[in-house]
There are 2 protein chains.
Amino acid sequence: MSSKNYEQLLVKFKEILKNQNLKYTAQREMILKTLYKNKKHFTPEELQDNIKHNYPKLNIGIATVYRTLNILEKFKIVTSISFGQSGKKYELAIKPHHDHLICDMCGSIIEFEDKDIEKKQDEIATKYGFLITSHILQLHGICKKCRNKLKEKKIGIK
Amino acid sequence: MSSKNYEQLLVKFKEILKNQNLKYTAQREMILKTLYKNKKHFTPEELQDNIKHNYPKLNIGIATVYRTLNILEKFKIVTSISFGQSGKKYELAIKPHHDHLICDMCGSIIEFEDKDIEKKQDEIATKYGFLITSHILQLHGICKKCRNKLKEKKIGIK
DNA sequence: TTGCCTGCAAATCCTTTGCATACTG
DNA sequence: CAGTATGCAAAGGATTTGCAGGCAA
């Protein structure tokens with residue numbers, strides 16, 4: 001059940017905070033909860049907007065969002081991807097590792113994972129004596145929806 | 001012969017400029033030439049420093065470097081990779097497509113290419129009805145040199 | 001000569017930091 | 001209570017933009 005999963009996640013977060021002499025605050029919980037509930041990629045600004053909208057009583061500054069995301073990323077509770085000029089986007093790291101198809105027309109992100117590619121990557125690293133700690137694989141292009149839109153335009157429906 | 005290749009590249013660049021009603025200037029040529037001669041990844045600042053050093057008479061501003069790189073990237077003469085906070089690095093796109101091993105300790109970049117991975121990527125795109133226009137594959141970690149340095153430290157040579 | 005280019009400096013964008021106050025443990 | 005965390009505003013770093021003079025076509 002998903003509320004159970006959230007509880008587990010929260011416990012983990014609290015433990016990390018305790019171990020690091022950091023404090024458990026309402027702002028930090030709302031950031032974690034928002035990432036959990038929405039299961040999507042957020043820019044820091046989007047996160048702040050979302051929290052301001054859903055919890056108007058909780059005053060939350062952008063600096064706090066950045067500070068909290070940095071903690072969450074450091075302890076691998078979230079991961080980030082960055083592309084183009086548009087800064088970083090964050091998501092919860094509770095999903096198994098996966099890569100991204102990114103539509104350059106509408107900005108939508110599709111996730112996928114592929115064991116064969118991962119295996120190949122390890123082979124390449126070994127060849128160069130390189131120790132991989134993480135990887136980024138982004139396939140850029142145009143998603144199905146946008147391709148259809150383009151087709152419609154070309155056919156010229158009146 | 002490599003000077004011939006550079007000539008070809010230059011002709012291509014001039015053609016693009018002409019077609020776009022852009023002008024051929026000394027600054028633009030030096031940027032292209034520097035990228036060509038050094039065959040490595042440059043940040044805009046490194047490019048500017050390199051040009052200032054090698055052509056001290058040519059006053060070149062950082063804005064011009066950025067503007068020129070944006071043109072070159074738009075017309076696929078250069079490609080960029082971005083990682084971490086540290087901004088973008090640019091290289092000429094005349095090499096066959098390749099991916100990058102990036103050392104997070106020393107920042108060095110190793111290039112590689114792998115046909116099997118590329119094939120897999122196409123399969124994934126097909127599955128999602130996605131049209132790939134480009135991709136980014138970065139393997140992050142620690143390079144051989146840095147791993148050796150770490151080992152020395154641990155052994156504790158006096 | 002026209003209009004794009006340039007360097008410079010100012011302006012932006014995104015992210016981090018300093019500070020006084022507020023809150024957690 | 002001590003020590004963090006917070007919001008705010010200021011500071012930073014990277015990139016872009018506005019402008020007046022300079023240069024390519």
Side-chain angles (χ1 to χ4, degrees), chain A residues 10-11 13-34 41-49 51-52 55-75 78-90 107, chain B residues 10-11 13-32 34 41-52 55-75 78-90 107:
Chain A
L10 192 54
V11 166
F13 185 39
K14 286 185 183 175
E15 257 172 33
I16 290 171
L17 292 176
K18 188 179 292 177
N19 289 335
Q20 302 297 317
N21 272 324
L22 301 174
K23 303 199 168 175
Y24 177 64
T25 67
Q27 286 85 345
R28 286 178 176 169
E29 183 183 345
M30 286 314 136
I31 289 169
L32 187 70
K33 183 181 274 181
T34 301
H41 298 80
F42 281 98
T43 63
E45 207 186 331
E46 287 165 353
L47 248 184
Q48 186 193 28
D49 290 347
I51 292 171
K52 280 196 167 177
Y55 312 93
K57 286 178 206 152
L58 183 72
N59 195 8
I60 186 166
I62 193 68
T64 296
V65 176
Y66 276 102
R67 283 186 281 232
T68 300
L69 287 172
N70 285 342
I71 295 170
L72 290 169
E73 186 167 30
K74 183 171 170 191
F75 293 101
V78 306
T79 56
S80 66
I81 58 175
S82 61
F83 42 102
Q85 305 298 58
S86 35
K88 277 176 152 182
K89 287 194 174 188
Y90 293 84
Chain B
L10 192 55
V11 166
F13 185 38
K14 286 185 184 174
E15 256 172 33
I16 289 171
L17 291 176
K18 188 179 293 179
N19 289 335
Q20 303 298 317
N21 273 323
L22 300 175
K23 303 201 166 170
Y24 177 64
T25 66
Q27 286 86 345
R28 286 178 177 169
E29 183 182 347
M30 286 314 135
I31 289 169
L32 187 71
T34 301
H41 298 81
F42 281 97
T43 62
E45 207 185 332
E46 287 165 354
L47 249 184
Q48 187 194 25
D49 290 348
N50 189 305
I51 292 170
K52 280 195 167 179
Y55 312 93
K57 286 179 208 152
L58 183 72
N59 194 9
I60 186 166
I62 192 69
T64 296
V65 176
Y66 277 102
R67 284 186 280 232
T68 301
L69 287 172
N70 286 341
I71 294 171
L72 290 169
E73 186 168 29
K74 183 171 170 192
F75 293 101
V78 306
T79 55
S80 67
I81 58 175
S82 60
F83 40 105
Q85 305 297 61
S86 34
K88 279 174 151 184
K89 288 194 173 187
Y90 293 83

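Within every chain, numbering begins at 1; the chains are lettered A, B, ... in the order of the sequence lines, protein sequences first and strands thereafter.
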Any A/Asn59 side-chain N or O less than 4.0 Å from OP1/OP2 of D/dT6:
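Indeed not, no polar side-chain atom of A/Asn59 lies that close.
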
Would you list the protein and nucleotides 17-19 of chain D atom pairs, both N or O, that sit under 3.5 Å from each other?
unit_1	atom_1	unit_2	atom_2	d
D/dG18	O6	B/Arg67	NH1	3.4

How many whole angstroms separate atom [atom1] of [X] from atom [atom2] of [N]?
X       : N      : atom1 : atom2 : value
A/Lys89 : C/dC13 : NZ    : P     : 18 Å
B/Lys14 : D/dA24 : NZ    : P     : 12 Å
B/Glu29 : C/dT6  : CD    : P     : 13 Å
B/Lys88 : C/dC13 : NZ    : C1'   : 14 Å
B/Lys18 : C/dC4  : NZ    : P     : 17 Å
A/Tyr90 : C/dT15 : OH    : P     : 7 Å
B/Asn19 : C/dC4  : CG    : P     : 16 Å
A/Leu17 : C/dT24 : CG    : C1'   : 11 Å

Hey, which sits more toward the 5' end of DNA chain C by its nearest nucleotide, A/Ile62 or B/Thr68?
B/Thr68

Tell me, do A/Phe42 and A/Thr34 make a side-chain contact under 4.5 Å, heavy atoms counted?
yes

Which residue, A/Ile71 or A/Lys52, contacts DNA chain D at a nucleotide closer to its 5' end, judged by nearest heavy atom?
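The residue closer to the strand's 5' end, by nearest nucleotide, is A/Ile71.
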
Near DNA chain D, counting only heavy atoms under 4.0 Å, which residues of residues 20-28 of chain A show up?
A/Asn21, A/Leu22, A/Lys23, A/Thr25, A/Gln27, A/Arg28

Just verifying a value: how many Å separate [X] [atom1] and [Y] [atom2], rounded to the nearest 0.5 Å?
X       : Y       : atom1 : atom2 : value
A/Ile71 : A/Ile16 : CD1   : CD1   : 10.0 Å
A/Ile81 : A/Tyr90 : CD1   : OH    : 11.5 Å
B/Asn59 : B/Lys52 : CG    : NZ    : 6.5 Å
A/Arg67 : A/Ile62 : CZ    : CD1   : 11.0 Å
A/Gln48 : A/Thr43 : CD    : OG1   : 9.5 Å

For a quick test of your reading: what N or O donor-acceptor pairs under 3.5 Å do the side chains of residues 20-32 of chain B make, sequence neighbours left out?
unit_1	atom_1	unit_2	atom_2	d
B/Tyr24	OH	B/Glu29	OE1	2.3
B/Thr25	OG1	B/Arg28	N	3.2
B/Arg28	NH1	B/Lys23	O	2.9
B/Glu29	OE2	B/Tyr6	OH	3.2

Partner of A/Thr68 under side-chain contact (heavy atoms from CB on, under 4.5 Å), chosen from A/Asn70, A/Val65, A/Leu72
A/Leu72

A/Ile60 near the nucleic acid: base, sugar-phosphate alone, or nothing, with a heavy-atom cut-off under 4.0 Å?
sugar-phosphate

Correct closest heavy-atom pair for A/Ser80 and A/Lys88 would be OG-CE, 3.5 Å

